[in-house]
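What follows is a single structure, written as structure tokens, with notes after it.
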Amino acid sequence: MTGALVSGEARVAVFFKGGGAWCVRADSPEAQSVSEGLLPHLLGDPASADFYPEAALETTRDLLVQACNAERSLQLALISMDASFTRATRELAEDALEDFLGDSQVLEFIEHRLYSKPLPSDTCWENGDVDGAELRFPKVAALKHAVVAVQTSIEQARAAWDALPEDIFQESRSQFEAVLVETGAFRKLSNVAHGVAVQPSKGEVQLQLLSDRRYQMFPNWRNILVAWTKAIPSGIARLPHAIQEQEEDGRHHRVRDKVLQVKPHAAFENMKLQKAAILEQLARGSFGQAERYVNELVAHQLSGQRPDLAANSLCDLAREAKGRGLFAYQLEWSRRAQEISPGDPYVHNQFADALLGQGELEEALATYESTVKDFPGNVVARNGQAEVLKALGRFPEALVMYESTVKDFPQDVVARNGQAEVLKALGRLPEALATYESTVKDFPENVVARNGQAEVLKALGRLPDALTAYESTVKDFPQDVVVRNGQATLLVQLNRYGEAEALVQTEHTRTRSEWTALHILASIRMKQGNFGEADRLLSRGAQSPWVDVRSRFIGTRALLRIRMKKLQDAEILIRSENSMTAKVIQIDIYRRMKRIGEAQSMLRELRDCSVAEIRNLTRDLDQNMKPGVKRTVTDDEFLDRELVMLMAA
């Protein structure tokens, strides 16, 4: 099968070709290879996804953006008509919706759904909140007028559908209905019943429906469509709700026709409405508006005695903020979630992850430790604790934690990969390779394990084997930026700069992997002697929102100053960085400046470092500072090794 399943609701698309499947997410431009068994988890309700048989991987993202815009616009329209929101919130939703309605496909998507059921009787649109916005939001006003004007006809089309006997359907009635909504059948027949002048006649619409192949997948489809369309009147234009004169106690008064009681649109009952509005404001950079929306969402859920929902909403939003590089919001919202629901392990894990992202390692470790203590079976917390121990350089403890988790959860690939990563960092390369090879055997579709295997082969000096492993992985996962970056670093080591550059070309620096690609490109420019362009790229990279990635750019910028014989500038650049890699570069700078006492002091700070690569570098730096001892490594070789260290960090 070739084509793409696209779900705007789940903000995910899956492209299929040649037995493989690739996942594209709305918040990341990177396509990831996935197993088809994961599709139900990725797409949520697969029935909500649309299939595009002509799609290619390059066009799948455009289809997903279109679907997300349509879904977001529908949610904004629902906010606009929901009286439970404040007027200010509804107007903000309409402001955002106005822009989307310029897209005819988005407008059609919304109309197809709003015409499928009568509006609930308590909506703002039905209670006079239609006029007054024409000048500010004319497209939204036009949508309101169009939908409200045909409510009675929508009611008739819906009533005719609901009245069809169950025995006429030989399969799922709901699936047939979903296709009718998707294709706009309710909208067409509602306009027929209303007598809209520019619309086709009832006979023409009936012919269109009977000719549409999308309905012909259902048994008895023709009889169903004929029975439904026959029951709908045509050409009877009415007011949104008929106003009748009734006499009571000798007095005339005006009353509305009774609206057919239907269940409100499911989205009204779904917190995704407000979340979508918050994410919309984040995307626009309207952070003040986003915070207002968050406060409204939390207050609404707390007022309903649902602190669990409020905490989960905050955690979901924190994850979205992290994906956009907005780590301050990730930390703030996850902290609020923990205050609201302190006994929820999911909330604890989200808060700890936010602390880790902000570099608050000790607090992150304490949070994970308390979660593991209370919930020892929570594998996410156990892996998180090990990850923080690794980030703190406490590799033996991290290894014990990972090994324990692998023992208790042998099918958890995250723990197995983490165990191999720590073994590699400790310099126990044969064990690391064996662990990765075992994981790849059990999880051949896990790109992290395959990438890790190639990294260990590179560390072992088996460069041809490493290159073969990278090439095989890139072939199977062509859109995985992490793998491409790994292969590129190896090609830089091999001085094959053109091939490396081809792998890391990117127009964006939104994701962590794209920032890493930019760092590799800057490193290539430095190796080529193009110092001006290298410095420009490194200066840009110093703005990365990821603390460790930013430190990598600053460290490489210091190496560039060393290569340019500007040791004082290099020392000023690196002195504020506290990472272990930065300290290695500081030691080298002090060595070159003959400030041996300061170099030795910093060497003592790294005395207990468990990272094999750093341990080997500092050993050689120390050896080269001892008077009367023959130098074993040249200055240029130190620079090359330090650059490799930064690219692999």
Side-chain angles (χ1 to χ4, degrees), residues 393 424-425 427 429 455 458-461 463 488-497 500 519-531 534-535 537-538 541 548 551-649:
K424 174 178 178 288
L429 299 180
E455 285 288 324
K458 181 171 64 176
L460 283 165
L463 301 189
T489 60
L490 175 55
L491 290 168
V492 172
Q493 286 182 249
L494 295 171
N495 299 324
R496 292 162 60 174
Y497 303 132
H519 176 260
I520 296 170
L521 183 60
S523 301
I524 292 171
R525 293 290 178 264
M526 186 171 78
K527 297 274 284 185
Q528 291 174 325
N530 190 345
F531 295 160
D535 195 42
L537 296 174
L538 292 169
D548 59 323
S551 180
R552 197 183 311 171
F553 277 99
I554 294 171
T556 307
R557 206 175 182 199
L559 293 184
L560 177 62
R561 294 297 184 277
I562 296 173
R563 193 170 288 281
M564 296 169 69
K565 311 299 183 185
K566 297 180 178 180
L567 296 180
Q568 190 66 42
D569 290 348
E571 194 272 334
I572 292 172
L573 272 172
I574 203 68
R575 68 168 62 152
S576 61
E577 295 300 307
N578 293 317
S579 66
M580 290 186 289
T581 55
K583 289 179 180 179
V584 171
I585 296 169
Q586 283 181 284
I587 292 168
D588 193 14
I589 293 171
Y590 291 143
R591 178 187 68 85
R592 293 168 189 260
M593 297 174 78
K594 310 300 182 186
R595 293 161 58 176
I596 305 302
E598 291 167 277
Q600 292 290 350
S601 175
M602 192 150 287
L603 273 168
R604 286 191 289 272
E605 290 185 35
L606 295 178
R607 180 180 299 159
D608 298 326
C609 176
S610 301
V611 182
E613 187 175 20
I614 291 176
R615 200 168 56 236
N616 293 337
L617 255 173
T618 53
R619 180 200 61 210
D620 290 343
L621 285 167
D622 185 28
Q623 180 75 11
N624 275 258
M625 286 188 287
K626 292 178 179 178
V629 176
K630 183 179 179 180
R631 297 186 62 187
T632 57
V633 183
T634 68
D635 284 350
D636 285 346
E637 287 172 339
F638 272 124
L639 279 178
D640 287 340
R641 287 173 62 180
E642 287 157 10
L643 183 59
V644 170
M645 172 187 69
L646 289 171
M647 284 194 293

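Owing to the predicted nature of the structure, the values given are computational and were not obtained by experimental measurement. All residue numbers in this chain count up from 1 along the given sequence.
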Discussion item. Regarding Asp588 and Arg591, does a basic nitrogen lie under 4.0 Å from an acidic carboxylate oxygen?
Written reply: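 Counted as a salt bridge, because a side-chain N and a carboxylate O are separated by less than 4.0 Å.
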
Item to complete: Considering only NZ, NE, NH1 and NH2 on the basic side and carboxylate oxygens on the acidic side, decide whether Arg561 and Asp535 come within less than 4.0 Å.
Response: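 Yes.
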
How many angstroms lie between [atom1] in [X] and [atom2] in [Y], if you round to the nearest 0.5 Å?
| X | Y | atom1 | atom2 | answer |
| --- | --- | --- | --- | --- |
| Met625 | Gln600 | CE | CD | 4.5 Å |
| Asn624 | Glu637 | CG | CD | 9.5 Å |
| Lys566 | Leu573 | NZ | CG | 11.0 Å |
| Arg557 | Leu537 | CZ | CG | 11.0 Å |
| Leu621 | Lys626 | CG | NZ | 12.0 Å |
| Asp635 | Asp640 | CG | CG | 11.0 Å |

Grab the two heavy atoms, one from [X] and one from [Y], that are nearest each other, plus how far apart they are.
| X | Y | result |
| --- | --- | --- |
| Ala500 | Ala488 | CB-O, 3.6 Å |
| Lys583 | Asn578 | CE-O, 3.6 Å |
| Thr618 | Leu606 | CG2-CD1, 3.8 Å |

Discussion item. Regarding Tyr497 and Asn495, do their side chains bring together a donor and an acceptor under 3.5 Å, going by distance alone?
Written reply: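 Note: Tyr497 and Asn495 side chains meet the donor-acceptor criterion.
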
Fill in: Phe553: partners by ring-ring contact (aromatic ring centres under 6.0 Å, His included), with sequence neighbours left out
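If we apply the ring-ring contact (aromatic ring centres under 6.0 Å, His included) test to Phe553, skipping adjacent residues, the hits are His519.
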
Discussion item. Keeping Thr556 on the side-chain end and Arg552 on the backbone end, is there a donor-acceptor pair under 3.5 Å?
Written reply: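 Present.
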
Practice prompt. State which residues pass salt bridge (Lys or Arg N to Asp or Glu O under 4.0 Å) with Arg595; sequence neighbours excluded, sorted by chain then number.
Written response: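 Residues passing salt bridge (Lys or Arg N to Asp or Glu O under 4.0 Å) with Arg595: Glu598.
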
